[in-house]
Protein chains: 2
Amino acid sequence: MEQMSRNLAFQLKKIRQQRHLSLDDVAKATGVSKAQLAQIEKGEANPTVSTIWKIAAGMRTSFSSLLQAPTAHFMKYSSKDAPHVDEDEGRYRVYSIIPYNPERGWELYKIEMEPGAFSRSEAHTEGVEETVTVIQGQATISAGEMHEFLEEGDTLVFSGHQPHEYKNTSEKLTILHLILQYK
Amino acid sequence: MEQMSRNLAFQLKKIRQQRHLSLDDVAKATGVSKAQLAQIEKGEANPTVSTIWKIAAGMRTSFSSLLQAPTAHFMKYSSKDAPHVDEDEGRYRVYSIIPYNPERGWELYKIEMEPGAFSRSEAHTEGVEETVTVIQGQATISAGEMHEFLEEGDTLVFSGHQPHEYKNTSEKLTILHLILQYK
DNA sequence: GACATATGTATACTTTAATAAACATCAAGA
DNA sequence: TCTTGATGTTTATTAAAGTATACATATGTC
């Protein structure tokens with residue numbers, strides 16, 4: 001996404017201004033054209049790795065510091081446009097609340113389960129951790145050989161590298177929040 | 001440089017193979033074309049940030065882990081093709097032994113000073129550290145208000161954010177190794 | 001053996017990143 | 001006021017990133 005372009009925009013501009021350099025100076029030091037640098041600082045560019053490399057090298061800085069997110073944002077995610085997927089004939093519904101983002105490293109889902117609804121997931125890749133909180137209702141969660149019954153307010157954390165199951169063992173609609181954390 | 005492309009090539013291939021995915025799988029998960037992914041894995045591509053973002057997001061991984069250098073290399077730098085710059089009418093010569101590299105964060109120079117040769121540097125940007133080792137001869141180094149006389153085998157470390165001077169106070173050729181470290 | 005499916009490679013094309021040069025803007029200094 | 005120089009912006013062109021499609025090569029399976 002253009003998230004990264006904005007980070008780069010911010011960091012480059014910051015470095016350039018801290019060092020009191022003009023676009024021409026930076027162009028000369030990095031070998032990247034002035035026009036392109038201007039575009040990058042405006043966040044209107046989608047540079048290649050080699051361009052970023054040239055900037056990092058010329059400015060004597062690192063990739064990470066160039067691509068670092070500046071500070072906290074103020075970002076609203078609306079459940080209106082949250083995409084969702086159904087399972088178990090529509091009785092198990094998964095809504096993506098916050099999609100995965102490489103900077104963040106995790107994603108957030110809301111899960112709605114009709115009474116008796118059931119879902120089974122195969123083992124994810126190594127290093128995935130699931131954190132489930134029961135917002136409403138009750139659920140039984142199994143991972144490998146372990147089983148746990150959860151009520152409203154309960155939270156379970158488990159490693160997702162093994163097959164696991166979600167089941168609504170109550171008589172009413174159960175709502176979960178699921179955080180998937182990737183290493 | 002294509003250093004980064006190689007890191008990306010290695011890391012992507014590693015992830016893909018660890019997870020037993022085909023290029024088509026990754027293409028579908030990331031939204032990046034199979035052809036481009038193949039190129040990237042061969043290290044023959046120079047992807048844009050948005051492409052890397054798509055890969056990181058689709059693979060549920062981070063930028064840093066994708067761009068991480070895999071393991072130690074085995075890389076020879078020849079002093080033959082080391083560029084050099086002269087000062088003080090050719091009596092102060094600076095050879096770049098290892099050029100700056102964003103992954104490394106520092107660079108190495110060799111400095112040759114004829115007897116009496118002299119060089120003055122303005123303050124560098126904040127966070128630069130200089131490490132000077134006398135390989136041969138003697139030198140007097142000043143940084144701000146501090147002065148130090150160095151003989152063969154001596155090393156001096158100082159902060160480069162103030163004006164500093166190098167001078168060969170001996171009767172013979174003095175050779176220094178200079179490491180410039182950037183924060 | 002012939003067919004089907006899956007996987008990586010090569011090729012033709014479209015889109016766009018990157019450059020270079022001209023242009024606009026502004027602040028000294030004569 | 002009129003230059004002059006420095007700085008960022010705009011525009012036209014070129015170089016290459018990215019896509020889509022077709023191709024080659026296996027690896028089963030009937």
Side-chain angles (χ1 to χ4, degrees), chain A residues 1-61 63 66-67 70 100-102 122 125, chain B residues 1-61 63 66-67 70 100-102 122 125:
Chain A
M1 215 75 90
E2 81 294 336
Q3 175 80 15
M4 237 48 211
S5 305
R6 267 190 311 211
N7 294 356
L8 181 56
F10 181 90
Q11 299 295 352
L12 175 55
K13 192 157 203 167
K14 183 177 151 198
I15 288 179
R16 189 168 72 85
Q17 292 182 344
Q18 275 181 351
R19 302 186 188 173
H20 305 291
L21 301 173
S22 69
L23 286 176
D24 276 305
D25 294 336
V26 177
K28 210 173 94 199
T30 62
V32 175
S33 73
K34 185 166 62 158
Q36 180 66 358
L37 290 170
Q39 293 268 328
I40 290 173
E41 284 198 356
K42 285 191 229 155
E44 294 169 358
N46 179 20
T48 61
V49 289
S50 76
T51 324
I52 303 178
W53 176 278
K54 284 195 229 163
I55 294 174
M59 292 287 98
R60 300 287 126 109
T61 187
F63 259 68
L66 264 188
L67 297 176
Y100 182 82
N101 176 318
E122 289 313 307
T125 162
Chain B
M1 216 74 90
E2 80 295 334
Q3 174 82 13
M4 238 46 213
S5 305
R6 268 189 311 209
N7 294 357
L8 182 56
F10 182 90
Q11 298 294 354
L12 175 55
K13 192 159 205 166
K14 184 177 153 199
I15 287 180
R16 189 169 72 84
Q17 292 181 345
Q18 276 181 351
R19 302 187 189 174
H20 306 292
L21 301 173
S22 69
L23 287 176
D24 277 305
D25 294 335
V26 177
K28 209 173 95 201
T30 61
V32 175
S33 73
K34 185 165 66 159
Q36 181 66 0
L37 290 170
Q39 294 267 327
I40 289 173
E41 283 198 356
K42 286 192 229 154
E44 295 168 357
N46 179 21
T48 60
V49 288
S50 75
T51 310
I52 304 177
W53 176 277
K54 285 194 227 167
I55 295 175
M59 293 284 97
R60 301 287 126 109
T61 187
F63 261 69
L66 265 187
L67 297 175
Y100 180 81
N101 176 319
E122 289 314 306
T125 163

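Naming: A, B, ... by sequence-line order, numbering from 1 per chain.
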Nucleotide [N], atom [atom2] - distance to [atom1] of [X] in whole Å:
X       : N      : atom1 : atom2 : answer
A:Leu23 : C:dA18 : CG    : C1'   : 15 Å
A:Leu8  : C:dA17 : CG    : C1'   : 14 Å
B:Leu21 : C:dT7  : CG    : P     : 10 Å
A:Gln39 : C:dA18 : CD    : P     : 10 Å
A:Asn46 : C:dA18 : CG    : C1'   : 12 Å
A:Ile52 : C:dA18 : CD1   : C1'   : 14 Å
A:Ile40 : C:dA18 : CD1   : C1'   : 9 Å
A:Lys28 : C:dT19 : NZ    : P     : 17 Å

Each nucleotide N or O in nucleotides 21-27 of chain C that has a protein N or O under 3.5 Å away: list the pair and distance.
none

### Query
Heavy-atom distance under 4.5 Å between the side chains of A:Met4 and B:Phe63, does that happen here?
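Result yes, sub-4.5 Å side-chain heavy-atom pair found.
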
#### Entry: Sub-4.5 Å side-chain heavy-atom contact between A:Val32 and A:Val26
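A side-chain contact under 4.5 Å is absent here.
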
### Message
By nearest heavy atom, map B:Asp24 and A:Gln36 onto DNA chain C; which one lands nearer the 5' end?
### Response
B:Asp24

[X] side-chain N/O to [Y] backbone N/O, donor-acceptor pair under 3.5 Å:
X        : Y       : result
B:Arg19  : B:Met59 : yes
A:Asp25  : A:Ser22 : yes
B:Asn46  : A:Thr48 : no
A:Tyr100 : B:Ala56 : no
B:Arg16  : B:Leu21 : yes
B:Thr51  : B:Pro47 : no

### Query
Taking OP1 and OP2 of C:dT16, is either one under 4.0 Å from a side-chain nitrogen or oxygen of B:Thr48?
no

### Below 4.0 Å: OP1/OP2 of C:dG8 and any side-chain N or O of B:Lys13
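Result: no.
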
### Query
When you list every nucleotide of DNA chain D with an atom under 4.0 Å from a heavy atom of chain A, which one comes first 5' to 3', and which comes last?
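Terminal contacting nucleotides, 5' to 3': D:dT7 to D:dA17.
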
### Task
Please name the pair of heavy atoms, one in B:Gly31 and one in B:Lys54, separated by the smallest distance, quoted to 0.1 Å.
O-NZ, 3.9 Å

### Query
How large an angle, rounded to 10°, do the end axes of the helix from C:dG1-D:dC30 to C:dA30-D:dT1 enclose when each is built from five base pairs?
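Its terminal axes enclose an angle near 10°.
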
### Query
Quick one: on DNA chain D, does B:Gly31 or A:Arg16 contact a more 5' nucleotide (nearest heavy atom)?
A:Arg16

